[in-house]
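Have a look at the structure below, then the notes.
Just so it is clear, the structure is predicted and the values come from calculations on it, not from any experiment. Computed from heavy atoms alone, side chains included, the values below leave out hydrogens, waters and symmetry copies. In the text below, chain A, chain B and the rest are named by the order of the sequence lines, each starting its count at 1.
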Amino acid sequence: MSDDKITLEIDGRLCTAVPGEMIIAVADREGIAIPRFCYHEKLSIAANCRMCLVEAEQGGRPFPKPVPACATPVNDGMKVLTRSKKALDAQRGTMEFLLINHPLDCPICDQGGECELQDVSMGYGEDVSRFSERKRVVKDEDLGPLIATEMTRCIHCTRCVRFGAEIAGLRELGATGRGEDMRIGTFVERTVAHELSGNIIDLCPVGALTSKPYRFTARAWELTSEESIAPHDSVGSNLRLHIRGSQVMRVHPRDNEAVNECWISDRDRFSYEGLSSPERLTEPLLKRNGQWQTVDWQEALHAALEALQAPGPDQLGCLISPTATLEEQYLLQRLVRTLGSDHIDTRLRQQDFRGDAADPTFPWLGLPIAELEQQQGVLLIGSDLRQEQPLLAHRLRMAALDGATIALLNPYALALNHASLQLVAAPPALASELRALSQVLGKPVQGATVEISDRHRQIATALQAAGKAGQGLVLLGALAEADPDYSLIRALAAALAETAECRLGFLAAAANSIGSRLAGSLPHRLPGGAAPKRPGLDAQAMLTDPRQGYLLWGLEPDRDFADPSLAMAALRSAKQVVACSHFKSAALDEVADVLLPISAFAETAGTFVNAEGRWQRFQGAVAPAGDARPGWKVLRVLGTMLEFDGFGQNNAREVHDEVAHACSGLAPDNRLSDARALTAITERSAPSAGALTRIGNLPIYASDALVRHAPALQRTPLAESLAVYLHPQQAADLGLTEGDQVRLIQGAGSHSGSGSVGDNAAAKEARAPVVLDDRIALGCTRIPAGVDGSEALGPIIGPVRIEKIGA
Amino acid sequence: MAENQNTVCFRTMHLDARVRHTLESYRSVGGYRQWERILREKPDPDQLINEVKTSALRGRGGAGFPTGLKWSFMPRSKPDQKYIVCNSDEGEPGTCKDRDIMRYNPHQLIEGMAIAGYCIGATIGYNYIRGEFYEPIARFDEALEEAYAAGLLGKELLGSSIDFDLYTHLGAGAYICGEETALLESLEGKKGQPRFKPPFPAQAGLYGKPTTINNTESLASVPVILEKGGQWFLEQGRPNNGGPKLFSVTGHVARPDNFEIPLGTPFRDLLEMAGGVSGGRALKAVIPGGSSVPVVPGDVMLTTDMDYDSITKAGSMLGSGAVIVIAEGTCMVKVLANLAHFYAHESCGQCTPCREGTGWLARVLDRMLAGQGRTQDLDLLDNVAGRIGGRTICALGDAAAMPVQSFLKHYRFEFEYLVEHGRPLVEAA
Amino acid sequence: MSFRNTPLAVIQDVDKETLLTPELRAEIDKHVAKYPPEWKQSAVMPALTLVQDHNGGWLSRELMDQVAAYLDMPETAVYEVATFYAMYDLEPVGRHKVCVCNSISCMLGGAEELMHHIEKKHNVAPGGTTADGKLTFKEFECLGACRHAPVVMVDKAYHECVTPDAIDKIIDDLD
C-alpha cells in the first residue's frame with residue numbers, strides 16, 4: 001500500500017481510500033450500498049437530497065450529526081456506519097420528506113418499475129403516510145420531441161440542472177423559485193436543443209423526465225436487454241438495447257469509461273425509431289419491364305448474381321456505406337474482388353483521392369478517446385464536431401474547461417459551448433490558412449499563405465507549447481475530408497503537426513470508416529491493409545467514369561454521396577444495379593434493378609472499429625424487419641452460389657476472426673508516406689467570379705439512412721432543412737435578404753478540375769430560402785447535405801450559383 | 001447625551017444625531033487611529049489576531065464562533081487573493097442592531113473591516129447589506145466615499161504598501177443569505193443556497209479564494225478592542241464571553257430598543273432598561289437570541305444572565321442577541337405558526353428535509369389553528385421537526401426545528417387545548 | 001468541474017450597446033467594476049434591482065434576458081436569481097409597494113391588525129394590487145427594524161411603529 005493511501009472502516013469493513021475521496025465513492029467501490037438521489041459520479045456534488053446520510057466518527061469522536069456520504073471526505077481511521085439506527089433514521093426521515101409531495105401513483109407512472117425513488121422507498125419508506133395536507137402540483141413544460149416531463153414527480157435532485165451546466169455546457173434547465181416552490185425547468189418553456197439532451201432522462205431518478213418516444217409503450221419488466229454498439233459516428237458508444245418481442249423499444253447507454261463514459265448522444269439514443277419505419281425494405285424486389293415485383297430470396301439472389309456478373313470485372317463498381325459492419329465490408333470486397341474488380345469504396349463523401357498513395361494503413365484518432373480530455377492544444381480542421389461526433393466534442397469541451405486551447409479552422413464559425421479560437425475561411429483558402437500557421441512556427445511550406453494575424457500566432461504557439469508537453473493534437477474532420485483539396489489539406493495538416501510536435505488525428509466520419517481500412521473494402525487496400533497490385537477506381541472515379549454495373553450496400557444514392565446528382569446520373573446510366581438496402585426510396589426505385597432487404601443496426605451481428613481503432617463486436621438483438629436477412633449471410637450465400645472460396649463461415653464470429661487474423665500485428669499509425677511532397681499538390685481552382693463555394697455540411701440528423709428515418713429526431717431543432725446560409729454582407733452583395741427564395745445551380749462545367757463531371761450531369765437545380773448567418777465565411781454559402789431537397793444538388797463542397805426566384 | 005466610556009459599537013451615539021455618522025464625528029471619538037497605526041507600523045498580524053483572541057469576542061451574528069480563532073484559519077501565506085466579507089444581511093426576526101451600527105457609526109465598521117483585512121491578508125472587502133436597508137446602505141456608501149477621499153481606503157494607503165478596497169454589495173430579500181456560504185453564493189451572482197462544508201470559506205470561499213465572513217457587530221467591535229486592548233474588552237463581559245454586546249429587545253416591552261450592555265448582565269436588568277413588559281402584563285416567555293433559538297419560559301429567564309454560557313444553561317442560545325419578549329395572554333401556537341411560516345418562506349429549497357418539512361410544519365399548525373387539529377399532530381410536529389434538525393446543509397433546518405420542539409416542550413398544554421377544543425386557550429395577543 | 005465555483009459565463013453574441021439604456025448600462029458598469037473581471041455575474045442582483053426600478057417596479061422576461069445578455073450569463077441563471085429573491089417582482093405592480101413586516105416582533109406589535117386594516121380599506125389581499133393600480137400590498141418577512149414594530153416599507157422608505165391611522169396617512173400621501 002502506498003503512503004498516500006488511508007484506511008477506514010465502513011460498516012465494520014476495512015477499506016482503503018485516497019485522502020479526500022468521499023465516503024460514498026469508497027462505499028460504492030466496496031459494494032456497500034448507500035441510498036442516494038442527487039449524487040452522480042460524473043456530476044459535481046450537490047449534497048442536497050440528504051438521502052445518503054450516514055453516521056460517522058473520527059478518532060473515537062462521533063460527528064454530532066449524520067453526515068452526507070457524498071460530501072464527506074474520508075480520513076484515516078474514520079469509522080462509518082451506513083445502517084446504524086441513527087443512519088437509518090436519517091435516511092427514513094429523508095425518504096418520508098421526498099414522498100410527501102410525490103404522487104404515489106407508481107402504476108400510472110412511466111418510470112414505474114425502474115424508479116430509484118420507488119426502489120429506495122421499498123427499503124426506507126413507511127407503509128402509511130403521515131402527511132394529510134395537500135400535495136404539491138407542478139405545471140409541466142414542453143421540452144420538445146425527445147423528453148417528456150411530469151414535473152410534479154420531480155424530487156429536486158438537480159442532476160439534470162448540473163448535467164446541463166457541466167456536461168452539456170448549456171444552462172437551459174434551472175431551479176427557479178425557492179423553498180417548496182422551487183421548480184426545475186426552463187422557466188420559459190423552451191425546447192431543450194442539445195445533442196446530448198437525452199442523458200437527463202437516464203439521470204432523472206424519478207418519472208419527471210422520461211423519453212417521449214418510449215413513454216407508455218412498455219414496462220421495464222417486459223423488456224429484455226441486449227448489448228450493442230452505436231452505428232452513427234466513430235465513437236462507437238456502448239449501448240444497451242431494450243427489447244420487447246422483436247422490437248427495440250428504447251436505447252440506453254452502457255458504461256464504458258474509455259469510450260462513451262455513461263453518456264450517449266441523442267442520435268444514438270433515438271435512432272432506433274428508424275428500425276420500425278414504414279419505409280423499411282422488407283422483401284426482395286426485382287424490376288421487370290420497369291415494374292417492381294416481390295420475389296422470393298432464391299429468385300432475387302439469382303437475379304443479383306446475374307446482374308453482378310453481366311458487366312464484366314472492370315465494369316462492376318461496389319459502393320458501400322461506411323456504417324456497414326466489418327464482416328459485411330470484408331465479404332463484399334471478397335465477393336467483388338473474386339469477381340475480378342477492385343472498384344470498391346466506402347468513402348462516399350470524399351472528392352479528392354489524390355493522396356491515396358500516401359495513405360496510412362491504419363489511420364485513427366491519433367490517441368485514445370479518453371486522452372482527448374488531457375490535450376492542452378488542439379486544432380480541428382474542417383470539422384463541425386458537435387454535429388459529427390457529439391461525444392468527442394464533449395471530451396474536447398472537458399479539455400477546454402481544463403484550460404486547453406481549442407482552435408478551429410472551418411468555412412464557418414461553430415457555436416461551441418466552450419472557449420475557442422476560430423479561424424474561418426472559404427474552402428479555397430483553407431490551405432493558405434494552414435500554411436500561415438506553419439509559417440508562424442518558422443517552417444514555411446511552399447504555396448500561398450494568408451496574411452498572418454495575431455490569431456494565427458496565438459494558435460500556432462499554443463499548439464507548439466502543447467506539442468512540447470506531449471499534449472498537442474491536429475485533427476481532420478468531415479468537412480476537410482469532403483474538400484476538393486483534401487489531399488493537400490491533409491498534407492499541410494501533417495506538416496503543421498510535425499512542426500508543432502503535435503499528434504495528427506483523423507475524425508473518421510462513420511461508425512466503421514476505420515473498419516474499411518482493415519476489411520479491405522477500399523480500392524487501394526486489401527484485408528489487413530495491404531495494397532492490391534493495382535488499385536481500383538475510387539468512389540468518385542466510379543461515378544465520373546460510370547460503370548455498367550453497380551453493387552450498392554446500405555446507402556441512399558441521392559443522400560449519401562459527395563455529389564448526389566453525379567451519383568444518380570451514373571447509376572441511371574448503368575445497365576445493372578443491385579442494391580442491398582435497409583430502406584426503400586424513390587432514388588433506389590429509380591436506379592436499381594434488384595433490391596435485397598438487409599438487416600439494419602440491432603438486427604445483425606457484426607463489428608465496428610471506432611475512431612481510436614477499438615474493435616467492438618455486437619450480436620443481433622432483434623429479428624430483421626420482414627424478410628430482411630443479415631448482410632453477412634446474404635453475401636455468404638452469394639459467394640457460395642458462385643462457388644467462390646472463402647464463403648464458408650458458419651457465423652459472423654468466424655468472419656470477424658478472418659479479418660482479425662489478416663490484421664494481426666497491425667497497429668494504428670497516422671504517418672503519411674511522403675507528406676512533404678504532397679504539400680506541393682496544386683489547389684483546385686477557386687470558383688469563377690460570381691460563383692460561391694457551397695459548404696454542404698451534414699447535419700447531425702441527416703448523417704445516415706437510419707437517422708433520417710427516425711421521426712422524433714427529425715422534429716428537433718437540430719434537424720436542419722435545406723436552406724442557403726449566407727453572411728449578411730455576402731447576401732447584400734447578391735441582392736438577397738432573409739427569407740428570399742433562391743434557385744441553386746450546381747453542375748455542368750462548374751466543377752472545374754475534376755474531369756468529366758459535366759459530361760453526363762445536367763445542370764442541377766434546387767430551391768431554398770436564404771438565411772442570414774454571420775458565421776459563414778465570405779465567398780461561401782452553407783447549404784446542408786443529406787436533407788430533403790439536397791439530392792438535386794451537386795458536390796457538397798464545390799461551386800454553386802444562386803439566383804433569386806422572381807428577380 | 002454624554003459619551004459612555006464602555007460603549008463599543010455605539011461610540012458616536014452621544015453626538016448630534018445629524019452628524020454622528022460622519023468621518024469627523026468618528027475621528028472625534030478616536031476613530032481610524034488603529035487603522036492609521038497599522039498603516040504606519042505594519043504590526044505582525046498574528047499579534048493583532050492574538051489581541052482579538054484575548055478579547056474573547058465571539059461572532060455576533062448568531063453562531064458565537066470566536067472571531068480571533070476564525071481569522072487564524074486563513075492561509076495568509078498563500079499568494080491567492082483573499083477576501084474579508086461583512087455579513088450585514090441582518091434578517092433574523094427580532095434582530096435590528098447591525099442596521100443601527102450602519103446608520104449611526106458606519107466608519108467604525110469600515111475601520112473594523114480594514115483591520116480584519118490586514119489581519120487575514122485580504123486586500124478586498126465586501127459588505128453584503130440586505131437590499132431593504134435603503135437608509136443604512138446610503139449611510140454606509142457615504143462613509144465609504146469619505147474614507148476613500150481621506151485616503152483611508154484604496155491603494156498604497158498613507159504611503160505604505162498596504163492596499164484595501166471596500167465595496168458594498170446589496171441583497172434582494174432572502175433571509176438565507178445571512179448564512180455565510182449562502183451569502184457568498186449570492187455575492188457570486190447566484191441564488192443564495194448554502195454550500196456544504198468542507199471546504200470551509202477560509203480554504204475556498206468567495207470566487208473559490210480564502211475568505212473570512214464576520215458579522216457587522218463583530219467587525220465594528222475590532223477597532224475598540226485594538227484601542228483598549230483585548231483584556232479590557234474581555235473584562236467588560238465574563239470569561240469566554242468578552243465585551244459588551246448589542247441586544248435588540250423587542251416584542252412586548254414598553255421601550256423596545258438596542259442596548260449595548262456587558263455580557264453577563266442579568267436579564268431582569270435588561271428587561272428593566274426596556275421599560276418592562278408592556279401593558280403591565282406578566283412575562284410569559286422569552287426567545288433570547290433571535291427567532292431560531294429555543295423559547296425559554298419567563299420565570300427561567302428572570303434568573304438568567306445575558307451571556308453565551310448562561311443562556312445555554314437555560315436551555316437556549318444567545319444567538320444574535322435579539323431578545324423577543326412575550327407577555328402573558330399570547331397564544332403560543334400562533335407565535336409558533338408565525339415562526340414556522342417564516343422558515344417555510346425562507347427555506348432555500350435545496351435540502352429535502354427543509355424544503356419539504358418546513359412547509360409541512362406550517363400547514364399542520366395552520367390546520368390546528370383552524371380547529372382541525374388531531375391529537376397525533378403534537379407528536380407529528382415534534383417528530384417532523386426532529387427529522388429536519390441536524391439533517392440539512394445549513395442551520396436553517398435547525399432553526400426551523402428548535403422553536404417547534406421548545407414550544408411543544410414548554411407549552412404543550414396550549415397545543416393540547418387547541419386540539420381538544422378547536423380554539424386557542426389564549427384568544428388574542 | 002462544478003458550476004458552483006466557476007463563473008457561468010457564456011458569451012452572449014449581441015451588441016451590448018443595444019441593451020437596456022445607456023444610463024442603466026453605466027449604472028450597472030459601476031457595479032461590475034467591483035468584482036473580478038471574470039465574475040461580471042456578481043453584478044446580477046444590483047443590475048436586476050436597477051432595471052426593476054427603471055421599469056416601474058417589475059422585471060419582464062425580456063428585461064431579464066437583456067440583463068443576462070449584458071452580463072454574459074445564461075438566461076436561466078438570471079431567472080433563478082430573479083425568482084429566488086423576494087424583492088424582485090415578475091409581474092406588473094402598482095405605483096407603490098406597501099410591504100408590511102409580519103415576522104414575530106412585528107406580529108407581537110400588531111402587524112396582523114395593520115394588515116387586516118389595509119386589506120379591508122383598500123380591498124386588496126397580500127400579494128395583490130389595488131384596482132386603481134396605486135398599491136401593491138405585500139406581506140414581508142423580517143425587515144430588520146424590529147425595535148420599531150410594526151414596520152412597513154413603502155417603496156424605499158421604512159415607516160416605524162405604524163398604526164392603522166398612520167398607514168392611512170402614509171398611503172394618502174402617495175400619488
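- Proximity to chain B (any heavy atom under 4.5 Å) is shown, for Glu180(A), by both the backbone and the side chain.
- Top candidate by heavy-atom pairs under 4.5 Å with chain B, chosen from Thr94(A), Asp181(A), Ile100(A), is Ile100(A).
- Taking Ala90(A), Pro66(A), Ala175(A), Gly177(A) one by one and counting their heavy-atom pairs under 4.5 Å with chain B, the maximum is reached by Ala90(A).
- Counting heavy atoms from C-beta outward, Arg130(A) and Asn383(B) have side chains that approach closer than 4.5 Å.
- No more than 12 heavy-atom neighbours from other residues, nucleotides or ligands sit within 6.0 angstrom of NZ on Lys79(A).
- Between His156(A) and Glu356(B) there is a side-chain heavy-atom pair separated by less than 4.5 Å.
- Side-chain atoms of Arg50(A) come within 3.5 Å of backbone N or O of Arg391(B) as a donor-acceptor pair.
- By the 4.5 Å heavy-atom criterion applied to side chains, His345(B) and Arg178(A) are counted as neighbours.
- Between the CZ atom of Arg355(B) and the CG atom of Asn48(A) there is a distance of 7.0 Å, given to the nearest 0.5 Å.
- Taking every heavy atom of both residues into account, Ala47(A) and Phe196(B) meet most closely at CB-CD2, 3.7 Å.
- Residues Thr176(A) and Lys191(B) have side chains not in contact (no heavy-atom distance under 4.5 Å, counting atoms from C-beta outward).
- The contact between Ile388(B) and chain A is made by backbone and side chain atoms together, counting heavy-atom distances below 4.5 Å.
- Closest approach of Arg367(B) to Ser132(A), counting heavy atoms only: NH2-OG, 3.8 Å.
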Please lay out, stage by stage, how Val384(B) and Phe97(A) fare under the test side-chain contact (heavy atoms from CB on, under 4.5 Å). CA-CA 9 Å; Val384(B) 168; Phe97(A) 288 129; 3.7 Å; yes
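- With a 4.5 Å cut-off on non-hydrogen atoms, Leu98(A) touches chain B through its backbone and its side chain both.
- Between chain B and the residues Met51(A), Glu133(A), Lys65(A), the most heavy-atom pairs under 4.5 angstrom are made by Glu133(A).
- Glu346(B) touches chain A through backbone and side chain together, each having a heavy atom under 4.5 Å away.
- Residue contact with chain B, scored on non-hydrogen atoms closer than 4.5 Å, involves the backbone and the side chain of Asp89(A) alike.
- For Lys42(A), the NZ atom counts as densely surrounded, since its 6.0 Å shell holds more than 12 non-hydrogen atoms of other residues, nucleotides or ligands.
- Residue Lys135(A) places its NZ atom among more than 12 non-hydrogen atoms of other residues, nucleotides or ligands, all under 6.0 Å distant.
- Residue Phe37(A): no heavy atom, backbone or side chain, is found under 4.5 Å from chain B.
- Heavy atoms of Asp377(B) lying under 4.5 Å from chain A are absent altogether.
- The contact between Pro73(A) and chain B is made entirely by side chain atoms (from C-beta outward), counting heavy-atom distances below 4.5 Å.
- By number of non-hydrogen pairs under 4.5 angstrom with chain A, the leading residue of Gly359(B), Ser347(B), Pro353(B), Pro198(B) is Pro353(B).
- Both the backbone and the side chain of Arg92(A) have a heavy atom closer than 4.5 Å to some heavy atom of chain B.
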